[in-house]
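Contents: one structure, followed by commentary.
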Amino acid sequence: MTFQIRSISIYSHTGERRDVTFRLGALNIVTGGPKTGKSALLDIVDYCWGRDECTVPQGEIRRAVSWFAVFFDSEGEGILIARRNPGPTGRGSAEIYFERGVDELPADASAFHKNITASGLKLQLSAMLGISENIHVPESWSTRRPLEASSRHAILFCLQAQDEIANRRLLFHRQGEQFVPRAISDALPYFLGAVDEDHFLALKRYQDVRARLRKLEREYGEAQSITREASSAARGLLTEGRRIGLILSDAQPDDASGVLELLREATIPRPMVFSAIDDPEADLTALDERRRSLIHELQELREEIRDVQRIDREASDFEVEALEQEARLTSVGLISDAANDGDTTCPVCESHLDVPVPTVAELRASLANVQTQLRSVRRDVPRLQERLAGLGSRRARVTEQLRDIQADIAKRIQDNERLRLEQHQFAQQARVAGRIAYYLENVAVAEDDGALLATIELLRAEVSELAATLDDVAAQERLTTALNLVGRDLTRFAKDLGLEHGEHPLRLDLKHLTVVADTDDGPLSLTQMGSGENWVGYHVAVHLSLHMLFDRRRRPVPRLLMLDQPSQAHFPAEQDESGLIDGLPDEDQAAVRQLYRLLHDYCGELAPRMQIIVVDHVEMLDDWFKDAIVERWRDGSALVPQSWVRV
């Protein structure tokens with residue numbers, strides 16, 4: 001199925017659209033000065049095809065464009081793939097729009113929305129290209145994973161960026177990235193048709209049959225082991241089942257059948273019966289909170305008892321002091337009332353005192369006051385004793401409650417631990433029962449060993465037959481044939497371009513992904529060849545040779561080849577003024593003209609099945625060259641219109 005480009009479009013942030021339209025099945029040239037966005041066309045195609053990273057250069061394009069779009073043609077059907085520009089600093093966008101059966105492009109980007117993922121796009125493009133089910137299985141000693149060729153691998157043979165086409169070390173698009181070289185080497189045999197679809201079907205059938213054979217052989221071996229005596233695995237499961245209580249400890253099987261019977265009994269579901277709990281409503285958290293509350297209450301009672309005891313002690317001390325005071329003051333009764341008139345006369349001997357003394361009335365008043373306080377203290381002491389007795393009773397009750405709560409907590413912890421152990425045992429039993437069930441499902445005693453052996457023999461014969469069809473030698477011969485055909489065309493194109501060593505047989509080295517010239521002095525790779533003209537020429541010749549074989553064998557690769565700056569070896573961009581090559585030396589003019597003439601004639605030979613798009617700054621006056629020009633970007637004209645550029 002042909003897959004070519006009708007147009008590449010960009011959409012502005014204000015709803016405008018800019019199209020670069022191409023002719024199908026022909027050579028298309030976009031020529032122009034430097035910094036006009038020519039190289040971005042290849043990056044847009046690569047990005048819209050599903051590449052993770054947007055490699056469109058930073059600058060006006062990334063700032064002015066909202067969506068990129070590529071309008072493909074597949075056997076007359078319009079296929080539109082649009083993808084949002086990630087912006088000046090973004091790496092890539094997951095917003096991809098895909099539509100089949102398109103006749104005209106949307107006028108603005110408002111119609112675009114995400115309707116497919118990058119992996120979904122890969123599947124769609126692979127199906128439209130006709131890539132059938134395939135798989136490349138690396139060598140047994142290799143750590144690489146099997147690879148399935150897809151549309152993402154096919155596009156690698158259709159693009160040559162400016163920094164790739166003149167690189168003597170890298171022959172294919174993105175070859176310098178990690179893992180890509182091995183992917184190209186693994187996928188190219190499929191795209192060359194060296195390994196057809198029947199091979200992959202046979203390979204899948206071979207893998208399925210071999211897997212089934214290994215399974216039956218394992219089952220037969222286990223069955224034989226159990227038939228002779230219980231296998232070590234069964235014995236181990238039996239021992240483990242006894243240990244955790246799935247199997248009675250006194251059960252002793254006599255033979256393999258007895259072992260299997262006990263294992264089957266162990267897999268019978270059992271109810272989960274846990275130990276009864278005296279108070280199932282009791283919650284450990286609630287009990288702990290109650291314990292904390294009682295401890296707090298007990299602490300308050302102790303403090304109150306200490307306070308009452310302190311008051312009682314103080315009252316007792318006061319009573320003792322008051323009694324002594326009363327005894328001293330009682331002596332006032334010995335003094336007559338007549339002797340208390342003056343405070344300077346001694347009430348006993350009636351002699352004159354220099355220091356006045358209290359009167360008898362004052363002493364009696366003090367005595368009365370002390371006696372009143374004594375009566376009050378004697379009245380309060382029984383109350384304090386009663387209060388102390390009450391507090392002691394409360395403390396005893398709270399202490400008893402606290403003791404009960406702590407006993408409940410200890411019991412609940414013990415119950416929880418017992419339940420945990422029981423749950424752990426049930427979990428162990430469930431695990432072991434599951435392992436036993438798995439063992440019994442995968443290992444069974446074969447009642448009819450003869451039938452099982454017959455099936456194994458049939459599968460062995462089928463594996464041998466399929467292995468013969470997958471002969472590596474035959475597959476390598478088919479690949480060698482394909483590479484020889486590529487080498488034949490490669491040699492022809494190298495001679496047409498007048499490349500150095502083109503007179504020698506040339507071949508594509510699939511392992512190292514380079515061109516090799518088989519000279520009389522030995523093999524000479526592209527890295528050993530000089531001159532940028534040779535590097536560009538061999539890049540072009542290899543891709544033309546590959547597409548020649550892709551076309552002859554109708555391989556699922558887009559009939560498209562994009563080349564960026566193939567004239568750079570002869571006409572550097574810094575020498576570009578008008579694009580005309582008249583100022584170049586005659587040899588450079590002839591080489592550039594020869595290269596473009598080859599591209600033009602190549603498209604004519606395969607028309608309408610091959611489209612070549614070249615972006616370059618070169619321009620020639622030949623009619624066939626001018627007819628191939630689809631865009632000329634000079635004097636202010638570029639991919640991004642000036643009106644889109646923000647000042």
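Note that this is a predicted model, so its numbers are computed, not measured.
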Minimum side-chain heavy-atom gap Val180-Leu156 below 4.5 Å: yes

Short side-chain donor-acceptor distance under 3.5 Å, His504 and Asp520: no

Which atom of His501 lies closest to which atom of Ala517, heavy atoms considered: CB-CB, 4.0 Å

Arg559 to Phe550, cation-pi by 6.0 Å centre distance and 45° axis angle: no

Thr519 (side chain) donor-acceptor with Pro523 (main chain) under 3.5 angstrom: no

Check: Phe71 main-chain N/O paired with Ser7 side-chain donor or acceptor under 3.5 Å: no

Pairwise side-chain contact, Glu95 with His113, heavy-atom cut-off 4.5 Å (strictly under): no

Smallest separation among heavy atoms of Gln175 and His512, with atom names: NE2-O, 4.2 Å

Gln568 side chain to Ala166 backbone, donor-acceptor under 3.5 Å: no

Heavy-atom check, side chain of Leu129 versus side chain of Phe3, under 4.5 Å: yes

Flag side-chain contact, heavy atom, 4.5 Å: Tyr538 against Leu497: no

Side-chain heavy atoms of Leu563 within contact of Leu599, under 4.5 Å: yes

Side-chain touch Glu465/Val463, heavy atoms, less than 4.5 angstrom: no

Whether Asn534 side chain and Gly530 backbone form a donor-acceptor pair below 3.5 Å: yes

Side-chain heavy atoms of Ile612 within contact of Asn28, under 4.5 Å: no

Stacked cation flag Arg18 on Trp644, 6.0 angstrom / 45 deg: no

Between Asp19 and Ser9, a side-chain donor and acceptor under 3.5 Å: yes

Exercise: do Asp43 and Thr55 side chains pair donor with acceptor under 3.5 Å: yes

Check: Gly32 main-chain N/O paired with Thr36 side-chain donor or acceptor under 3.5 Å: no

Parallel, tilted or perpendicular, as decided by the 30° and 60° cut-offs, for the rings of Tyr97 and Phe112: tilted

Ring centroid separation His543 to Phe172 under 6.0 Å: yes

Ser132 side chain to Tyr190 side chain, donor-acceptor N/O pair below 3.5 angstrom: yes

Donor-acceptor pair between Gln528 and Ser525 side chains, under 3.5 angstrom: yes

Any donor-acceptor pair under 3.5 Å from Asp108 side chain to Ser110 backbone: yes

Tyr47 and Asn85: side chain donor to acceptor below 3.5 Å: no

Side-chain touch Leu80/Leu105, heavy atoms, less than 4.5 angstrom: yes

Side-chain donor or acceptor of Arg609 paired with backbone N/O of Asp551 under 3.5 Å: no

Centroid separation Tyr11 to Phe68 less than 6.0 Å: no

Exam field: side chain Glu619 to backbone Lys626, donor-acceptor pair closer than 3.5 Å: no

Side-chain donor/acceptor of Tyr206 to backbone N/O of Ser464, under 3.5 Å: no

